[in-house]
Amino acid sequence: MSSPSILVNRDAEGLAHAVAARLITRLVDVQSSGKVAQVVLTGGRVASAVYRAVAESPARSAIDWRRVEFWWGDERFLPDGDPERNETQAREALLDHVDVDPGRVHPMAADTGQGAEAAAAAYASELAKAVSAGDRDGVPTFDVLLLGVGPDGHVASLFPEHPGLHSEDVSSIAVHGAPKPPPTRISLTFPALNRSHEVWFVVSGEDKAKAVRLALSGTGRLQIPAAGVQGLNRTLWLLDEASAREIPSSIRAPRT
Ligand SMILES: O=C(O)[C@H](O)[C@@H](O)[C@H](O)[C@H](O)COP(=O)(O)O
């Protein structure tokens, strides 16, 4: 397992455009081998800025969007179409603006009264159906998995000291009592999050600086869930100056 690479951009806008350019290039590279690209989206303000930057980029036309499989790392368990759902935000920022194959877009279920546990189980089944030879932990091997990081070090909807951190035998769980609203969510588990060739933490803002430092300095994953996820081949911390401010200069690459 390689050590993480840390790349620092001047500010939030520069970070969003740099990650968008990197994502476009990554998808083109994966597709150039004839593969359908497997991408795991995340929610939050920084991720949405990246999706918007992808949608605005002229280079987006280099991607065959019908050969990209979209998954989510977590979802806010709200009614379909709720503006706070990660799916809603990703569609508004990107998916509604490119020619995706609807059959390859896999949102986590909305709250239709079935309960979060049933929704989580349904997602685990959908992931399992997409598994092929060589895949593990009930999920396809992803090509890039995006993660925002909370000020408390949460990723997806895995929050510090929460029971879901111990789920090892399922790919997707219901989360209750999340400290970040809404309280009920669906999330991939650590085993599932750790099944991507590349994991990209995309983090902006001074309020994340402590979590970034702790995640990169050996803190345990129960206290800082971001410390519990890494790529099979590559782990990137894509930061801005504000979120990188507490990282020792000895481990920072020069600003991109
Ligand atoms: O449902 C969510 O909110 C996200 O999946 C969550 O994990 C998010 O990525 C982080 O909280 C960072 O969010 P910001 O980028 O908005 O700070």
Side-chain angles (χ1 to χ4, degrees), residues 9 11-20 23 39-54 70-79 82-95 106-111 116 119-120 123 142 144-162 164-165 172-190 192-194 196 199-212 214-215 221 224-229 236-245:
N9 291 267
D11 54 26
E13 186 180 4
L15 174 65
H17 286 283
V19 177
L23 184 58
V39 178
V40 183
L41 303 177
T42 191
R45 151 185 71 77
V46 178
S48 291
V50 170
Y51 306 151
R52 282 193 295 273
V54 171
F70 292 97
W71 305 92
W72 271 264
D74 75 321
E75 186 54 272
R76 303 160 186 190
F77 194 58
L78 296 164
D82 188 295
E84 282 306 301
R85 271 178 59 83
N86 294 336
E87 173 200 6
T88 307
Q89 294 178 6
R91 287 187 187 279
E92 286 174 356
L94 174 58
L95 304 183
H106 307 278
M108 293 175 165
D111 182 0
Y123 207 65
F142 305 116
V144 55
L145 186 142
L146 300 174
L147 287 173
V149 179
D152 59 359
H154 78 258
V155 288
S157 287
L158 299 181
F159 293 91
E161 310 294 351
H162 259 240
L165 301 181
S172 169
I173 55 169
V175 174
H176 299 282
K180 178 178 181 182
T184 306
R185 293 161 165 258
I186 312 293
S187 184
L188 295 190
T189 55
F190 277 133
L193 292 174
N194 280 295
S196 183
V199 167
W200 300 0
F201 296 98
V202 186
V203 196
S204 161
E206 190 170 355
D207 61 328
K208 314 294 181 67
K210 181 180 174 192
V212 170
L214 291 173
R221 72 182 197 177
I224 299 283
V229 186
L236 297 181
W237 284 81
L238 303 171
L239 309 174
D240 62 7
E241 283 293 354
S243 62
R245 60 179 300 165

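Every number for a ligand or one of its atoms is a count from 1 in the order of the listing. Atom set for the values below is all heavy atoms of this structure, side chains included, hydrogens, waters and symmetry mates excluded. The residues of the chain are indexed from 1 along the displayed sequence.
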ask   = Given the rule in the side chain to side chain contact (heavy atoms under 4.5 Å, CB included) test, do F190 and V229 qualify, once you have shown the distances and angles that lead to the verdict?
value = CA-CA 7 Å; F190 277 133; V229 186; 3.9 Å; yes
request  = Could you go through the salt bridge (Lys or Arg N to Asp or Glu O under 4.0 Å) check for R91 and E87 one step at a time?
outcome  = CA-CA 6 Å; R91 287 187 187 279; E87 173 200 6; 2.8 Å; yes
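- Listed by first then second residue, pairs satisfying side chain to side chain donor-acceptor pair (under 3.5 Å) with a partner in residues 43-53 number zero, not counting sequence neighbours.
- Near ligand 1, residues T42, G43, G44, R45, V46, D74, R76, N86, G148, V149, H154, A156, K180, R185, K208 come within 4.0 angstrom through at least one heavy atom.
- By the 4.0 Å N-to-carboxylate-O rule, R185 lies too far from E75 to be salt-bridged with it.
- Within a 6.0 Å radius of NZ in K210, no more than 12 heavy atoms belonging to other residues, nucleotides or ligands are found.
- A distance-only check finds no donor-acceptor pair linking the side chain of N9 to the backbone of D11 [under 3.5 Å].
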